[in-house]
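See below for the structure under consideration.
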Amino acid sequence: MTQKHKLDEQILDSYTLLPPEIDLVGQKQQDYNRLAQAVFLKYFQEHSRFPEYPSDLPPNAIDWVADQLQISSELLARFDWQGRTAMRYRSQIRAWLGFRSSSLADQDRLRNWLIEDVLPDEFRVSHLERIAYQRLKEDRIEPPTAGRLKRLILSAIYQYEQGFFKETAERIPVEVKANLRQLVHRKREIALDEAWHEEHGDPLDYPIHELRADVGEAKAKTMKTVAARLKYLQEIALPEEVFADIPLRFLQQYAKQATLESLSHLQRHHDAQTITLLAAFCRVRQTQLTDQLVELLIQLLNTIRLRAKHRVERELLADFIRVGGKQQLLFRMATAIWDNPDGIIRDVLFPLIGKERLHQLVEEAKQSGNYYQSVQTRISGSYTYHYRQVLPDLLEVLQFRSNNNRYKPLIDALSVIIAYLHELGSHYPADEDIPLEGVIQKQWRSWIYQQDKHGDRRVRRVRYELCVLQTLREKLRCKEIWVASAERFRNPDEDVPADFADKREAYYQALDLPLDADEFIRGLQKEMQGALQHFNDALPDNPDVEILAKDDGLIRLTPLEKQDEPTNLRALKKHIRQRWWMTSLLDILKEVDDRVNFTAAFHNLTGADRLPKAELRKRLLLCLYALGTNAGLTSVSMGNHGVSYANLQYTRRHYIDRASLRQAVQRIVDETLSIRTAAIWGEDATWCASDSKQFAAWSQNLRTQWHRRYHRAGIMVYWHVTKSSLCIYSQLKAPSSSEVAAMIAGVLQHCTEQQVDRNYVDTHGQSEVGFAFCRLLGFQLMPRFKNLHKQRLHLAFSEDADTYPNLQAILGKRINWQLIREQYDEMVKYATALRLGTAASDAILKRFNRNNYQHPTYKALSELGRALKTIFLCNYLTDPAVRREIQEGLNVVESWNSANRFIFFGKQGEFSSNDIEAQEISILSLHLLQSSLVYINTLMTQEVLAQPVWSERMTQADWRGLTPLFHRHVNPYGSFDLNMDKRIHFELA
């Protein structure tokens, strides 16, 4: 096979002709007919349908089939795809494979099956297409054309929606319908939220406008605002059973439609549809507000603690500086004690320092008090005089629950607080049963008591409330306490598949894990022993690694040797810059759409596409450019393209959302993978590297937080980047959220054709729980440790300790295999939840953190993670190729991060919005723009290197360092016009 026909494994598996298939093609017909029949056959075997156009076939596949038939692949251009010969070939292949063409009755059955068995659990058109193709394949029926199948699916969705609207409206009581209609009626007389009106001025005309407004930062006023909105929604009294069997993500599309449509359009629908849209909005918004209120509580308590801590520390520092001579006194005391170890204090220290001065120091220390108690007292002051005002509103609208009897005292404590919330007095009655065990930490139990005027010790209400809220915060973070009507903080039992017990074998098979825990453990033990033994035996001859015995064992690793510098890449990029000088970034976006048609992923979110396709495409490109560069719609609307700011704003609101952007990015990434030439870029790698980058952002939202590593406030964007600088997934996250959860989410949810079997991360992207889940999910976690010198290796068995004499200084405890054995099924259940996406990855991993160390599954995951980390560390330290592979992978994601600044240039790279959804859309637009740049650069580089004068010039170091992520030839800003004859007109001048 020639180099240009170099194929990947998938093409070889799917398009290799077997002898019976070659016989079917025959020798007695024209070569172009033989080639067409062969590709028809192989394509049908893979997709269970025939290609409609030559572009449906992978180019490498045509070349490979032609090579096998020993004919030219260019002959396929002579074949008539719509002629009688093509129809005859399709009929022959269907009969040969046991298929039949679909009839109208088959299509009606498929439509009914989608309505009854698939919707609403899956409602995305692209996914429904795959499900329909799979169903027809199982029934041995050739699908209808792509266009007809899509119309059939849209018809099924429409029919389901009409029935859904009617059934929902019938389930809702008359009085609740009246409450829902009030959302779209003028309400000058309705006092929905006094705090909101004080801040924003005149009331809005409709309650729905206030209810969908964004949440601000963690402040008392914000909590009262959110609680008021949530209370308003609860008073609508929408019954729980109305949407009992409907997935929340299905309702979100209707909630989105209700917020986007003008009120006149919303009221123009038939009554059942209007009521359903408003009910869906209420249910979704109530869930969102519940989550946001819990998040506000968690952040607010943390903010109070940090402020009190910093204030106490400043006071202590000022006190230390104010009382002079303390450091010198300490030195003199230490010297005297060292010189007179057997001396008497009265004889040695009193003459040196003075009895009176020592007494003053003791009194001062008593006044300063215990540091932690000082912090807690300061927190109590802030809570009492400012933040306590939100407690009644909070406890009125949030219902806290727990599935663990261990935390029943905390639920009882909240009940006590609610019972006395509006009572006078600063203490609880002496005869009241106040829960303390499991609620109040031991160090604060004496702090919450105070003697009353009768001399009795009674619990102070304010301090007790504060301690209960602090404990509640910790248990909410690990989901031992959950909240009714929430999504992220919902019942943790709902995060895992409800049918796990019934489909246990299928779920294990999907993860490629053995059903028997002992089999899983035996394989892991063998792998662990082999890795430890190999590392131990290779260590004496390993010049890069040294085990030091000091400080309980340290690992010293020599940095990798510097590789040869590429010598021709600079000249290559200069040639590209000269040939495609100052290519407009907007032109790059348009060219990619001409080739990939990613704008086809965007549809009107209200379901009404009224714009002509050409006009919509132009507006979409301008909007995506404005969002992805952060230039803004206002700046872009000033160009010579005939699209006004109002038109761009309409397109942004009605057509661009997160799901459509992800689908568009997926199309670009997949197309980039398909056009890459293996001779230039090498074989497709199966790894990705992930890392986060901070962006500045406005602070009046829950996502923007102070980052202690960057020493500034902002939001984090987490990227997953593969070889040749292809970013397969991006996500927005708060600085305090788990990078491990973001890493797992990217690998599982990227939806591109890129295969990932290992993921490279920095220290912050790994944890023992992360190691465990990655193994259960079928890919390797491969981190670069910043604190490598402190790492420990663990033993598979205690008796193995003497087997590794070279590793004694860094050997830790034995792995508790019994705990892994007992919790194996639970670990697989949570891994299945991550794979299926029954809950967000960060919501699942919340359960397994240090605040919930007693959870048996967390302990088992930690043990499994230690075993896997030991195996990885042995391989990492033994093999320099593994270290270099990780280093190069992380360099790729760092390069991607550096290019963000070039493209996201507007407003100095700061997110000038507090709308979290708008921030996510901006990041996805940046992802789309940067992926488009990689796509075009791939084509440019391949066109230049197709010339022998350049390809023969490249060295091994050049091929290694070649990347399509460069931008010196690109103009991201647009054109600059200067008319020397034109002046600015002034009347008075």
Side-chain angles (χ1 to χ4, degrees), residues 192-196 215 218-237 240 285-305 379-380 382-404 407-429 432-436 438-440 444 448 459-491 702:
L192 173 60
D193 179 5
E194 295 179 2
W196 196 97
V215 176
K219 293 182 177 179
K221 181 184 289 186
T222 306
M223 292 190 69
K224 291 178 72 67
T225 298
V226 176
R229 294 174 186 169
L230 184 55
K231 182 180 179 181
Y232 184 88
L233 287 173
Q234 291 174 349
E235 290 176 347
I236 290 176
E240 289 287 334
R285 193 57 182 153
Q286 183 175 342
T287 300
Q288 293 172 345
L289 289 174
T290 303
D291 282 332
Q292 290 168 354
L293 190 57
V294 176
E295 189 65 40
L296 281 168
L297 172 64
I298 292 173
Q299 286 195 23
L300 193 64
L301 290 170
N302 187 55
T303 300
I304 299 172
R305 180 184 65 84
I379 295 173
S380 177
S382 298
Y383 171 74
T384 302
Y385 297 107
H386 182 62
Y387 293 104
R388 190 170 184 255
Q389 61 178 305
V390 306
L391 190 61
D393 300 326
L394 183 80
L395 296 180
E396 183 180 7
V397 296
L398 294 184
Q399 301 176 29
F400 297 99
R401 303 282 187 269
S402 179
N403 300 334
N404 192 338
Y407 301 104
K408 186 177 183 300
L410 183 55
I411 301 297
D412 294 339
L414 291 169
S415 300
V416 171
I417 292 174
I418 294 172
Y420 289 92
L421 202 55
H422 301 288
E423 298 291 332
L424 298 177
S426 58
H427 301 83
Y428 289 111
E432 180 64 50
D433 183 16
I434 307 296
L436 297 178
V439 178
I440 309 298
W444 305 125
I448 65 173
V459 176
R460 298 180 63 172
R461 285 172 50 188
V462 171
R463 292 190 173 185
Y464 183 77
E465 290 168 3
L466 177 61
C467 291
V468 169
L469 290 176
Q470 289 173 330
T471 304
L472 177 66
R473 174 183 180 270
E474 300 303 319
K475 300 312 172 186
L476 283 169
R477 292 180 66 196
C478 61
K479 298 190 73 170
E480 288 295 349
I481 300 293
W482 53 274
V483 184
S485 301
E487 173 64 15
R488 292 179 56 237
F489 295 95
R490 66 182 178 181
N491 186 347
L702 292 177

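None of these values were measured; they are calculated from a predicted model. Just so you know, these numbers use all the heavy atoms, side chains as well, and skip hydrogens, waters and symmetry mates.
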Taking 4.0 angstrom as the limit, do E295 and R488 come out as a salt bridge?
-> yes
Closest heavy-atom pair, A486 versus D291, reported as atoms and distance to 0.1 Å, is CB-OD1, 3.3 Å
For V468 and A413 the tightest heavy-atom approach is CG2-CB, 4.0 Å
Tell me, with the steps shown, if Q470 and I379 meet side chain to side chain contact (heavy atoms under 4.5 Å, CB included).
-> CA-CA 11 Å; Q470 289 173 330; I379 295 173; 4.0 Å; yes
Are any non-hydrogen side-chain atoms of L410 and F400 less than 4.5 angstrom apart?
-> no
Under 3.5 Å: donor-acceptor pair, side chain of T222, backbone of A218 | no
Before giving the answer on side chain to side chain contact (heavy atoms under 4.5 Å, CB included), spell out for Y464 and L436 the whole-Å C-alpha distance, their side-chain angles and the decisive distance to 0.1 Å.
-> CA-CA 9 Å; Y464 183 77; L436 297 178; 4.0 Å; yes
Going by atom types only, do R285 and Q288 share a side-chain donor-acceptor pair under 3.5 Å?
-> yes
Indicate yes or no for a side-chain donor-acceptor contact from T471 to the backbone of V439 under 3.5 Å, with no hydrogens or angles considered.
-> yes
Side chains of P392 and H422: closer than 4.5 Å at any heavy-atom pair?
-> yes
Can you find a heavy atom in the side chain of V483 that is under 4.5 Å from one in the side chain of R401?
-> no
Heavy atoms of E432 and V416 approach each other most closely as OE2-CG2, 4.4 Å
If you measure from CD on E465 to CG on L414, what distance do you get to the nearest 0.5 Å?
-> 10.5 Å
Looking at side-chain heavy atoms only, is the closest gap between R229 and L233 below 4.5 Å?
-> no
Sidechain-backbone polar pair: Q299 side chain, L702 backbone, donor-acceptor under 3.5 Å | yes
Side-chain contact, heavy-atom cut-off 4.5 Å: R473 with R477?
-> yes
Spacing of L469 atom CG and R388 atom CZ [to the nearest 0.5 Å] | 10.0 Å
To the nearest 0.5 Å, how far apart are CD1 in I411 and NZ in K475?
-> 12.0 Å
Can you tell me if E235 uses its side chain to pair, donor with acceptor, with the backbone of Y232 under 3.5 Å?
-> no
Distance from N302 atom CG to I298 atom CD1, nearest 0.5 Å?
-> 9.5 Å
Looking at OG1 of T290 and CG of L230, how far apart are the two atoms once the value is rounded to the nearest 0.5 Å?
-> 4.5 Å
Write down the atom of S382, the atom of I304, and the distance for their closest heavy-atom approach.
-> CB-CG2, 4.1 Å
Euclidean distance, E480 CD relative to S402 OG, rounded to 0.5 Å = 6.0 Å
Residue that, paired with M223, satisfies side chain to side chain contact (heavy atoms under 4.5 Å, CB included) out of V215, L391, L300 = L300
Any L472 side-chain heavy atom under 4.5 Å of L297 side chain | yes
Do the non-hydrogen side-chain atoms of I417 and Y428 ever get within less than 4.5 Å of each other?
-> yes
May I ask you to test the F489-I481 pair for a side-chain heavy-atom distance under 4.5 Å?
-> no
Would you say R461's side chain and Y420's backbone share a donor-acceptor pair under 3.5 angstrom?
-> yes
Can you name the nearest heavy-atom pair linking P435 to P409, along with the distance?
-> CB-O, 3.7 Å
Could you pull out the closest heavy-atom pair between D393 and A227, with the gap in Å?
-> CB-CB, 3.8 Å
